[in-house]
Amino acid sequence: MSRPVQVFVSIVILTILFVMPETTRAVEVDPYLNNSLRFGLYFQYDRDTTKNKISSFENLRTSFEQQYALDALGHIVSRWLMTYDTGLHYSRKTFDAGQTKTTNNTWYYYLSTTILPKTNIPLTTYFNNTRYTSTSAGSDTWRNKFTYGLNWYGTFRKLPKTIFTLKTDHHTDDRTHGVDTEYDLTLQKKIGITDNKLENEYNVYENRTAGTSTSQFSTNFINKTDISRTTKLSVSAAAAKADQGGGSSSSVIGMNTSLNSTPSRIFSHNHAYSFVSVETDGSNENSSERHYYAGAMRYNISDRITSSANVSLATDKNNTLTSSRDSDSITAGANISYRATDHLSLTESVSYSQQSSTSIDTANTALDDRTDFRLTSTASYSNNYSWASFGASGSLGYNETQSDIYEDGRGLEQSVSSNLSGINVVPLLLLNTSGSWSSSRSSVGTLNRSTSYSFSAQNRAFNRYVELSSSYNFTTSESKAVSSDTKKTKIDFSASTNYIQSLPIRYRIDYNKFSDFFSGYTTSLDKVFTISHERIFLRGNLASNFYHATNESTFKEGEQNTTTRLFKTTYQRGLTMNSFWDLELLWSHKEADESEEDSKSIKNKLVYQLRSWLLTAEYTYIDRAFQNSETVETRLMLTAARSFGFYWR
């Protein structure tokens, strides 16, 4: 082989290696494999009428909308060389509402091309333009938006994967003109066990009418490292700066790192650290800085003993022209659990937190230091018996607080709860019950108590014919700190049957009562009855539903009663191979104290496929009566749509 031939072959091989994709892709439908030219047409006529039967006032509104679309898509010379996607859309909509006539026109055209789309260095350039005009009552308004840009993707074997995008928007109307420009550059590369990504963004926003502009720049670096199969490290850092004009600017610097490790089944730990700093210059000059660390550890001492611990540290600094505030906090906790038997478990937990802050302004200096300590012991028991499942738990705790603002002190916390579920002692019913009580006395002498218990039942016999269920819940809470006392009572009952085929029946009663120290009591009683039916009727789907609901509410200022009844029927069927009919009948009645509201509506919809045309006709009639007013609304909407196209190689 001669020297020139060797050089030519080497160049061909290097070119193939440079432009070939890094990885193979799955087989998929390629829309650019063939050239296509598509047309779309859409027309809609809308006529709305609102008539008041009492005053004989009538309002007529009509509109006509037409849309035309022409789109072309395919390739130039070869699918590997260049692809294109272009189109032109136009829509026109006219409104006529008595003395007011409005005409809206929208033009939209676009072009997008991609060079070397099948290689690993595709370059896409595009532009699109939207122009909107509106004419109403002799006045014209318009908006125009012109966008152009490019996207370049580079995927290489040795170099970082590169994504570069450029986008510029020119938006203009009858009052303003602005230009927005955005630059984005992303680099991504795997190096050994690390996955690295660098994102850069620069934006400029110009208001050329006012002669002002703002800019933003940000960069973000992300690193993910698999130190081992069980240890993951993640590090990210970011910086951003914004110039608002007029000598005002702001900057942000931050970082975050996390380490998660599970070296064995019995031990795991994770750590996270973050830092962020914000500075603002200009008339509102200020700065803030925050450091935060959080760590947690889990260790299984044995099959029956597990333990965990956590700690977090935070430091905050905030400065303005007139004040500054520094604060530090630490929170730590640990717990150990012992499963004494298969049914009994014991848990001991301890927590500690300390907060200190200093606030300085032009008038004075304020200090705020607080320390909290809590120790809690908990015992839990559970067991499954032949007649029920039983569970119970109890806890006893001690808390202590020291504060520069509030009174120091200490207190006790105690709680007890139990539950029985699936009680199988009554042949006809399945029962559940639960109860809880808690009491805590804080370090400053305040007392909080709460009590709750519940009971529910459902039938086990005759559930083939009817399903019954009921529940009762009662909760009280008391706080001596704000002299508040609340009580909540809730009773539910429901009955349903599916015994009659295609005729499900439901009935539900909900009773709620709430009372507190400030607003007194509020009660509500809801009763809901529904019955529905579905069947095939004259080769169509017929569905009917009846709904009856009442609400009785009593409160401190008075009472309110509401009754709602609704009947709805829908019928859907195909008339021919190419047509479909949809009918809806609706009646509703609502009574609220001395007011009544009635509504009757009929909706008819017919869809017909005429070769490539899709034709739709829809008619709606609504009659509403409310107190001394009755209105009738009618709407007729006709639509026609068609799309067709041509394809070639």
Q: Step through the shown structure and confirm whether more than 12 heavy atoms of other residues, nucleotides or ligands are within 6.0 Å of CZ on Arg535.
A: no
Q | Neighbour count >12 (heavy atoms, 6.0 Å) for atom CZ, Arg38 | A | yes
Q | Distance (rounded to the nearest 0.5 Å) between Ser112 OG and Phe127 CZ | A | 10.0 Å
Q) How far does CG of Asn578 sit from CG of Leu614, to the nearest 0.5 angstrom? A) 10.5 Å
Q. Are side-chain N/O atoms of Tyr132 and Asn104 paired as donor and acceptor at under 3.5 Å?
A. yes
**Q.** Crowding at CD, Glu58 (>12 non-hydrogen neighbours, <6.0 Å)
**A.** yes
Q) Would one find more than 12 heavy atoms of other residues, nucleotides or ligands at under 6.0 Å from atom NZ of Lys232? A) yes
Q) Where do Thr113 and Ile76 land on the side-chain contact (heavy atoms from CB on, under 4.5 Å) test, with the steps shown first? A) CA-CA 10 Å; Thr113 62; Ile76 299 176; 5.8 Å; no
Q | Any donor-acceptor N or O pair under 3.5 Å, side chains Thr165, Asn151 | A | no
Q | Centroid separation Trp613 to Tyr608 less than 6.0 Å | A | no
Q: Rounded to the nearest 0.5 Å, what's the gap from CG on Asp46 to CE on Met637? Could you check?
A: 6.0 Å
Q: Report the distance from atom CD of Glu618 to atom OG1 of Thr616, rounding to the nearest 0.5 Å.
A: 8.5 Å
Q: Decide yes or no on side chain to side chain donor-acceptor pair (under 3.5 Å) for Ser544 and Thr569, but give the supporting numbers first.
A: CA-CA 4 Å; Ser544 300; Thr569 297; 3.3 Å; yes
Q | Steps toward side-chain contact (heavy atoms from CB on, under 4.5 Å) verdict (Thr147, Tyr126) | A | CA-CA 8 Å; Thr147 304; Tyr126 64 92; 4.2 Å; yes
Q) Is it the case that more than 12 heavy atoms not belonging to Lys189 sit under 6.0 Å from its NZ atom? A) yes
Q | Between Thr135 and Thr103, a side-chain donor and acceptor under 3.5 Å | A | no
Q) Are side-chain N/O atoms of Ser249 and Asp243 paired as donor and acceptor at under 3.5 Å? A) no
Q) What is the distance from atom NZ of Lys161 to atom CG of Asn196, rounded to the nearest 0.5 Å? A) 14.5 Å
Q) Between the side chains of His89 and Asp71, does any donor sit under 3.5 Å from an acceptor? A) yes
Q. Applying ring-ring contact (aromatic ring centres under 6.0 Å, His included), which residue pairs with at least one partner in residues 240-273 are found, sequence neighbours left out?
A. Phe267-His269, His269-His271
Q: For the pair Phe644 and Phe646, name the ring-plane relationship: parallel under 30°, tilted 30 to 60°, perpendicular over 60°.
A: perpendicular
Q) Between the side chains of Asn256 and Tyr292, does any donor sit under 3.5 Å from an acceptor? A) no
**Q.** Distance-only side-chain donor-acceptor flag, Asn35 / Tyr84, under 3.5 Å
**A.** yes
Q: Apply side chain to side chain donor-acceptor pair (under 3.5 Å) to the pair Thr225 and Thr194, showing each step before the final yes or no.
A: CA-CA 4 Å; Thr225 303; Thr194 65; 5.1 Å; no
Q. Does the side chain of Val77 come within less than 4.5 Å of Met82's, by heavy atoms?
A. no
Q) Side chains of Arg649 and Asn34: do they bring a donor and an acceptor to under 3.5 Å? A) yes
Q: Answer with yes or no after comparing the ring centroid distance for Phe275 and Tyr293 against a 6.0 Å cut-off, counting only values under it.
A: no
Q | Val179/Arg208 under side-chain contact (heavy atoms from CB on, under 4.5 Å): CA gap, chis, key distance, verdict | A | CA-CA 7 Å; Val179 179; Arg208 295 189 175 180; 3.4 Å; yes
Q: Could you tell me the separation between the CD1 atom of Ile222 and the CD atom of Glu199, rounded to the nearest 0.5 Å?
A: 5.0 Å
Q | Crowding at CZ, Phe537 (>12 non-hydrogen neighbours, <6.0 Å) | A | no
Q: Apply side-chain contact (heavy atoms from CB on, under 4.5 Å) to Tyr153 and Thr186, showing your working.
A: CA-CA 10 Å; Tyr153 298 84; Thr186 301; over 6 Å; no
(Q) Any donor-acceptor pair under 3.5 Å linking the side-chain atoms of Ser268 with those of Thr262? (A) no
Q. Does the cation-pi check pass for Arg92 over Tyr90, that is, NZ or CZ under 6.0 Å from the six-membered ring centre and within 45° of its axis?
A. no
Q: Would you check if Arg47 and Leu60 make a side-chain contact, meaning some heavy-atom pair closer than 4.5 Å?
A: yes
**Q.** Under-4.0 Å salt bridge between Arg290 and Asp316
**A.** yes
Q: Carefully, step by step, assess Asp48 and Arg635 under the rule salt bridge (charged side-chain N to carboxylate O under 4.0 Å, His left out).
A: CA-CA 4 Å; Asp48 294 289; Arg635 182 182 185 185; 3.6 Å; yes
